[in-house]
Student: 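There's a structure below that I have some questions on.
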Amino acid sequence: MAEFLIKNGFVFDPVLGIKGDVADVAIKDGKIVETSALRSPKVIDATGKTVMAGGVDIHAHVAGPKVNIGRNFRPEDKLFNCTAGHGIERMQGGFSVPTTIRTGYNYAHMGYTTVMEAAMPPLYARHTHEEMRDTPILDQGAYPVFGNNWFVLEYLKNHEIENTAAYIAWLLRATKGYAVKVVNPGGTEAWGWGLNCENVHDPVPYFDITPAQIIKGLIEANEYLGLPHSMHMHANNLGTPGNYTTTLDSFKLSEGIKPNSKFGRAQVMHHTHVQFHSYGGEGFNFESKAPEIMDYVNTHDNITIDLGCVTLDETTTMTADGPFEHHLTELNHLKWANADVELETGSGVVPFVYSANNKANAIQWCIGLELGLLAKDPMRVFLTTDHPNAGPFIRYPRIMKWLMSQEARDQQFDAFKHKDKVIEATNLAGMDRELSLYEIAQMTRAGPAKALGLSHMYGGLAPGLDGDVAVYDFNPNEPYAPDDIEKAFLNAKHLFKSGVQVISDHEIASNGNKRTLWVNARANENPQVMRDIKEKFLRYYTVTLNNYEVTGHYLRNPHVIEVDATQ
Amino acid sequence: METVTLTIKSQPGLFLEADSITPDAFAGKKAEEIVDLPVYVGREQFRLGDFFEVSGRAGATPAETKIVVNGDLSRVKYIGMKMTAGEIVANSNADMYVGAWMQGGKITVNGNVDAFAGTGMKGGEIAIKGNAGNYLGAAYRGDWRGMAGGKISVGGNAGSDLGTFMNGGEIVVGGDVDVHVATHAEGGKIVIKGNAKSRLGGQMVEGEIYVFGNIDTMMPGFAYRQDVDVDVDGIKGRFALYEGDLGERHRKRKGQAIYARLYQRINA
C-alpha cells in the first residue's frame, strides 16, 4: 500500500498530547507509523495547515428505516439541492436527510472518517446495514435499540442481568450491532398504549417496570459483558421544559457502577444530545439548566455526554422516541410519520424549522453551546447535533466556530429577534471561554474514540492507529475571522482513511474501502434465553428467525470486535 | 424596456428544462451571450442557442427586460422559474413549472400550460389564456409552503390539486376545475367561475374559495352558515357561505376561531 508523509503541519492530537506543534505524520499500510518507517512516501506539504486525526461521530442518524422515511416524505429536502455525478463522485442530494452517498462525502469533506448510526431497530437491521453499505468512505457501526424491547423489559423486571446480557449478546450478533442504545426507556413501549414515561419512576403499562430499572439493568448487563462502548442513553422526557431533573435522575443511576471493559473507556453511561435534556422552567418560561447538568457531568467521571447543538436550520427530526415526535407535530403542525416496530421499538419523523426569530429555539441554541463551554474535560463531552434532530451534521464546523469564538456567538445573539429574553433565560452571553483546536480535537476525535472503546483504532495520530488523517486549510498562528474556522473545517484539503487518500486538494479522490464495525460478544450458553427467543419468534414476530439475522451481502467489509464474556 | 425574442428552431428529443429563460438570467446580456445559457435535456447540458433562435437584446436589469418566446413550447419546462421582475410572453402551449417559485414580474402564456405552474409562487403575475394542468399554484411535492403571493389567472379550465398548501395570493380560473382545491391551505383566495367537482378545502384552515357554478360533492367538513352578498373579481352576487374544514385545528383571532370560507353562488 501507498506511503504518505504529511509534512510540517500544525498538529493537534490529544492522544500524543501535541498542541499545535509543527510535526510530520507518516502513514504506511493503512496505519500511522513512525516517520522512520517510510521508504519512498508521497509527500503532502501541510505547511501552514492544521493536521488532525479523522473525526469520529459518536451519535448521528444516518442510516436505517427512519432516516429513509425522512428522505421519502421530504422530497423538498432535495429541492435545488442535488448534484450530478462526475468523475468518481456519484450523484448526491439532500440537506437534512441526505442520500447515503452525500452522507459519506459530506462527512469526508469535514475530515470525519468514522460515524456511528445511533438507533437501529433490530427488526430493520438489514435495511440499516444496506444503507451503511451504500455510504462511501466512512467506517460505521450501528446501535440496536434495547430500551423498549420486550425481552429486556421482561428480564429486567426481575433484575435478571445474566439473561439480559445473553440476549444483548445474541441481538448484537443477529443484527451485527455495535452497542446498547436506549431511547426513552419504557416510554416508546408506553406510546403503543397512547402513553409515555415522563420520569424514571413512571411505570411502563402492562410490563410494570420503571425506566430506572431498565436503565440500571442495561448498564449492569453492558458491564457484565464488558462491551467496547457503554450503554448509550437518550433519557425520558426529552425536549420538555423542566426535564433536567429527569436527566439528573437518569445520570445518578450510573453511580456506583464501575466500568468493566478491556477497551479503555472510563464511562458506564454515555448520555446523548444532552442539550434536549437540560431545560428548566415550564411552558413558555423555559430556561437553561446547562450549569446544573455540567456540574454533575464534570464531577462524575463514569459519564460521557454529547451536546446535540441546535444549529438554527430547517431540518428533519427523527427518533425512536415515538411520543416525542407526536408532541412535536402537535406543536408545529407539520407532517408526521409514526412507526411501531413489533416487540422492539417505535419511531416518529417530523420536519422542524429552528428559527433565530423563535425565542425557544434561540434558547436551545444557547444551551447546546453552554454545555460545551462548561465542559471541564473535553475528553468526555463530544460535539454532535444529534443529526438531523437539532441540525444537520454539515453544521459541525459552524458549531466549532461558535465554541471557538465569542465574537461569532455575539454575532448570532445580535441576529436573535428576542435577544434580551434569550440572554435572560440562558448563561451563554456571559461566557468568554473560547475552545482551542486541541479541545476541539478532544471533542471530535480522541474523546468519542475512547468512549466507543475504539481508541486502539481511531481518534489520534500515534503509530499503530488507523491511517485516518485530515489536513485543513487553517493556520492557527495567523489572525483569522470566525468564519474562516467554519470554512476550513467544512472543506478539508486532504483526507486519508485507513491509509487511502480519499480527498485530494478538496476533491473526492477515492470512494474508500468502508468497514462495518460490530461487536461479537461471546457469553455463556443460556438455554433459557435461546428458548425465549424461539418462542417470541414463533408467537409474536411477523418474520422467522431465518429472515431476521444480518448476514452475507448485507455486511460490507465487516470488522468484528471480539469480546469474551464467558465466565 | 428591451425585448429579446426566442423562436424555437428544434424540438428536444425528450423535454427541455429551460429555467434560464428568465429576465433575471437574460438581464445585461446580448443575444450572442444569451445563446450560451445552459439548458438541459435529461442529464445532458446544452446551450439555449441549440434550440432557439435569439434576437434582440436584454435590458440592463430584469425589470427592463421582456422576453417573447415563439413556436411550439409544449416540451419546454420551467419558463420564468424564480423570475423576480420583467416580463415573459409565451405564444404557445408550455410544459410544466411555468413561473414556478416566481417572485415578481409578469408571465403571459397564449396557450395552455401543463402541471405545476406557479408552484411555490411568492409574487408577480401569471396569465394563462388557455387551460392549466394539475397542481396550479400548489406547493412542491412534500413541501408545506405553497403559493404565498401574486396572482394567477386562467382563461380556461384548471386541473386537479389547485392551490394545495396555498398560504396567500390569488388564483382565478375562468372555467371548471378538477378535484382537490386548496387542500391544506392556510390563506389565499381561489375564484372558480365555472364548476367544481369535489374535495374543495380538505384540511383547509384559512383562506377563501369562491365557486360560481356547481359543486358535485361538498366536503363533509364544511358547514353552511348563511347567505351573503359578495363582490368578487368585479362580479356582484349572492353566495352561500360555508366554513371549514371543521375536522382541523383552527387558529383564534380575538377569541374567535378562524375558518376557511367557501362561497357558492346562489343561482337566481
Side-chain angles (χ1 to χ4, degrees), chain A residues 66-99 101-102 284 313-318 325-338 348-355 357-358 361 388 392, chain B residues 17 19-20 22 24-25 38-46 77-78 81-83 96-97 100-103 115-116 119-122 135 138-148 161 164-167 183-187 202-207 245 247-252 257-258 260:
Chain A
K66 72 184 164 349
V67 180
N68 222 32
I69 286 174
R71 294 191 188 105
N72 283 337
F73 100 147
R74 292 211 63 199
E76 74 277 13
D77 191 62
K78 292 193 181 69
L79 181 62
F80 307 126
N81 194 9
C82 290
T83 47
H86 58 94
I88 65 150
E89 259 188 69
R90 293 177 56 188
M91 181 174 71
Q92 37 181 318
F95 174 66
S96 65
V97 274
T99 59
I101 304 291
R102 178 166 280 178
F284 290 108
D313 285 293
E314 177 182 325
T315 191
T316 313
T317 66
M318 52 181 63
E325 291 290 351
H326 180 255
H327 167 74
L328 214 52
T329 190
E330 291 281 287
L331 203 68
N332 73 1
H333 306 298
L334 298 182
K335 53 193 171 183
W336 170 52
N338 180 63
V349 187
V350 176
F352 201 85
V353 183
Y354 291 98
S355 165
N357 295 333
N358 179 307
N361 299 161
Chain B
E17 303 193 358
D19 59 3
S20 54
T22 63
D24 301 77
V39 292
Y40 298 86
V41 177
R43 60 180 201 171
E44 287 180 40
Q45 187 177 326
F46 295 88
K77 297 180 197 287
Y78 298 110
M81 182 168 109
K82 290 186 177 175
M83 69 185 269
M96 296 195 281
Y97 288 103
W101 299 284
M102 179 175 178
Q103 295 173 35
F116 301 110
T119 287
M121 181 172 174
K122 290 201 173 83
Y135 292 100
Y140 181 72
R141 285 282 162 88
D143 210 331
W144 57 91
R145 290 155 291 206
M147 180 170 173
D161 300 278
T164 301
F165 280 109
M166 190 170 179
N167 291 324
T183 308
H184 290 292
E186 297 206 16
Q203 298 195 302
M204 183 179 185
V205 295
E206 214 175 321
D245 180 336
E248 284 295 302
R249 77 199 150 85
H250 289 277
R251 284 197 299 142
K252 283 190 174 156
I258 310 162

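Chain identifiers are assigned alphabetically (A, B, ...) following the order of the sequence lines, protein sequences preceding nucleic acid strands; residue numbering begins at 1 within each chain.
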Student: Could you tell me the separation between the CH2 atom of Trp144(B) and the CG atom of Asn332(A), rounded to the nearest 0.5 Å?
Tutor: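 Between Trp144(B) CH2 and Asn332(A) CG, I get 8.0 Å after rounding to 0.5 Å.
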Student: Heavy-atom cut-off 4.5 Å, strictly under: side chain, backbone, both or neither for Glu314(A) against chain B?
Tutor: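 Contact with chain B: side chain only.
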Student: Apply side chain to side chain contact (heavy atoms under 4.5 Å, CB included) to residues Asp19(B) and Phe80(A) and explain how you reach the verdict.
Tutor: CA-CA 12 Å; Asp19(B) 59 3; Phe80(A) 307 126; over 6 Å; no
Student: Could you grab the distance from atom CD of Glu186(B) to atom NE2 of His333(A), nearest 0.5 Å is fine?
Tutor: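 So the gap between those two atoms works out to 8.5 Å.
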Student: How close do Pro75(A) and Arg141(B) get, heavy atom to heavy atom, and via which atoms?
Tutor: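 Taking every non-hydrogen atom into account, CG-O, 3.1 Å.
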Student: How about Arg90(A): does its CZ atom have over 12 heavy atoms from other parts shown lying under 6.0 Å from it?
Tutor: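 Open: at most 12 neighbouring heavy atoms sit under 6.0 Å from CZ of Arg90(A).
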Student: Starting at CE of Met91(A), measure out to CZ of Arg43(B) and round the result to the nearest 0.5 Å.
Tutor: 9.0 Å
Student: Which atoms form the tightest heavy-atom contact between Lys335(A) and Asp143(B), and what is the distance?
Tutor: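 Smallest heavy-atom distance, with atoms named: NZ-N, 4.3 Å.
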